[in-house]
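Okay, structure first, notes after.
Read the numbers this way: they start at 1 and go in the same order the structure lists the ligands and their atoms.
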Amino acid sequence: MAPINADVVNGGKDSTPPKTTLPEVDTETNGNKRYSYETLVETANFLLSRTAVRPLIGVICGSGMGSYWNEGALAENIIDGQCIPYEEIPNFPTSTVEGHHGRLVFGHLNDIPVVAMQGRFHYYEGYPLWKCCLPVRVMKLLGVRTLIATNAAGGLNPNFKIGDLMIVKDHINMMGFAGNNPLHGPNDERFGPRFPPMNKAYNYEFRKIAKEVAKELNIQDIVREGVYTCLGGPNFETVAEINMLKMVGVDAVGMSTVHEVITARHCDMNVFGLSLITNECVTSYEHEAEANHEEVLDVGRMRQDILRKFVSKLVVKFAHTLTRDSP
Ligand SMILES: O=P(O)(O)O[C@H]1O[C@H](CO)[C@@H](O)[C@H]1O
C-alpha cells in the first residue's frame, strides 16, 4: 500500500507539524498491561517518602475549581502544605487540560491530614479509565478513607442556575453501559471484590452533613442535590443527547468523576461528590449560546471562595464522622 501523503491529508496546504508538542499518552486498554498492586505500592511509598503528611481525606479538584489549594489562598487554614508535581511521581500520568494544575497538595487542613489532586485525568485526554483512576488507588494505599470528588458540570435540571453546587446523590455510568469501566480486566482482591455493589456509592451521612454545612454557611439557596452522569467527551453534547439525558433522570453532565467513584467504592472508600454547575445545557435548537471551556473555568474562579469554605468545613466534619465510626 502506498504511504499516506500528509500534504494530501491536509488538503495540500501545509504539512508543517503543529508547534506545540503533545504529551505522549498511553492509550493501552489491555487489562494485562495495567499497573500491578505492587507498582502502585511503589508510587505510594515514593509519596510517603516525600511528605510527613498521612492523609485521611482525599480531594479531587474539578476544572478551574482547584485554585483555592494554591499557596496563599489556603494559607489561613492549611499547614505543612507541600506540592508534588505529577511529573515527579513515578507511574503518574500528566495533566493536559487547562484549569488542571497537575500536582498533589499535601497538608493539614484545620488539623485534618489531607491530600488534594489539583488536576485530574480524563478519558478524552487519551488515558484509559483505569489510568484516569490510578490516583484514587494510590490515595487508598496512602491511607485515605474518604474521597471528595468535585467537578464542573453542565446543568440539565431546569431549577439549577449557573454557579449552583450540586451534591451528587447518585450517578449513571453511561460509559459503563458501553462496556467501558475502570474495573474492566483482571481483578486484584487486595483492592476490592470482583463485583462491587454501587447502590450506596455516595455516602448518605455525608450528604446530610453537607446540607447542614450549607445552612451554617448560609449558602443553602445555591446548594442542590441530583444525579450526575459522565460522557467520554471531549465534545460537549448535542441537543438530542441532552434531551435524552434529561429523560433518564440526569441533573448534571460532565466528563469525569463516575469512574473515580467506582474505583474508590471498589476499594471501600467513603465518597462525597460535588458538582459546580458551570453552564446551562442547551435543550433547544433555537438557543444561540454554545458551551465552552472558558465559561466553565470562569464560573470555577467565581466560586473559589465558597468552594474553599464549603470543602474546608466538609473535610473537618467528614473526618470527625470517620473518627466516630472507628472501632
Ligand atoms: O470534570 P471536570 O474535570 O471538573 O471538568 C469538566 O469540565 C471540562 C469541560 O469544560 C471537562 O473536563 C469536564 O469533565
### Message
Does His266 form a side-chain hydrogen bond (donor to acceptor under 3.5 Å, both in side chains) with Asn187? I'd like the steps, not just the answer.
### Response
CA-CA 10 Å; His266 177 246; Asn187 185 58; 3.0 Å; yes

### Distance-only N or O hit between ligand 1 and Phe236, under 3.5 Å
no

### Message
Check the orientation of Phe121 and Tyr86. Use parallel for under 30°, tilted for 30 to 60°, and perpendicular for over 60°.
### Response
tilted

### Identity and distance of the protein heavy atom lying nearest atom 8 (C) of ligand 1
Ser63 OG, 3.6 Å

### Query
Using a distance-only test with no angle check, is there a side-chain donor-acceptor pair under 3.5 angstrom linking Asn91 and Thr43?
yes

### Task
Verify whether one side chain among Ser275 and Asn151 offers a donor that lies under 3.5 Å from an acceptor in the other.
yes

### Task
For Gly62, counting its heavy atoms only, list the atoms of ligand 1 lying under 4.0 Å from any of them.
4 (O)

### Task
Considering the heavy atoms of Asn151, write down every atom of ligand 1 situated less than 4.0 Å from one of them.
1 (O), 4 (O)

### Query
For Glu241, does the CD atom sit with more than 12 other heavy atoms under 6.0 Å from it, leaving out its own atoms?
yes

### Task
Look only at interatomic distance and state if Thr150 has a nitrogen or oxygen under 3.5 Å from any nitrogen or oxygen of ligand 1.
no

### Arg303/Thr278 under side-chain hydrogen bond (donor to acceptor under 3.5 Å, both in side chains): CA gap, chis, key distance, verdict
CA-CA 10 Å; Arg303 281 292 188 235; Thr278 53; over 6 Å; no

### Query
Going by the order shown, which atoms of ligand 1 are within less than 4.0 Å of some heavy atom of Val296?
7 (O), 10 (O)

### Task
With atom 2 (P) of ligand 1 as the reference point, say which of Glu98, Met255, Arg120 has the nearest heavy atom.
Arg120

### Task
Check each atom of ligand 1 against the heavy atoms of Tyr124 and keep those under 4.0 Å away; list them by number with element.
11 (C), 12 (O)

### Task
Distance to 0.1 Å, residue and atom name: give those for the protein heavy atom nearest to atom 1 (O) of ligand 1.
Ser256 OG, 2.5 Å

### Summary
Out of His122, Glu294, His293, the nearest non-hydrogen contact to atom 10 (O) of ligand 1 is supplied by His293

### Query
Is the closest basic N to carboxylate O distance between Glu38 and Arg190 below 4.0 Å?
yes

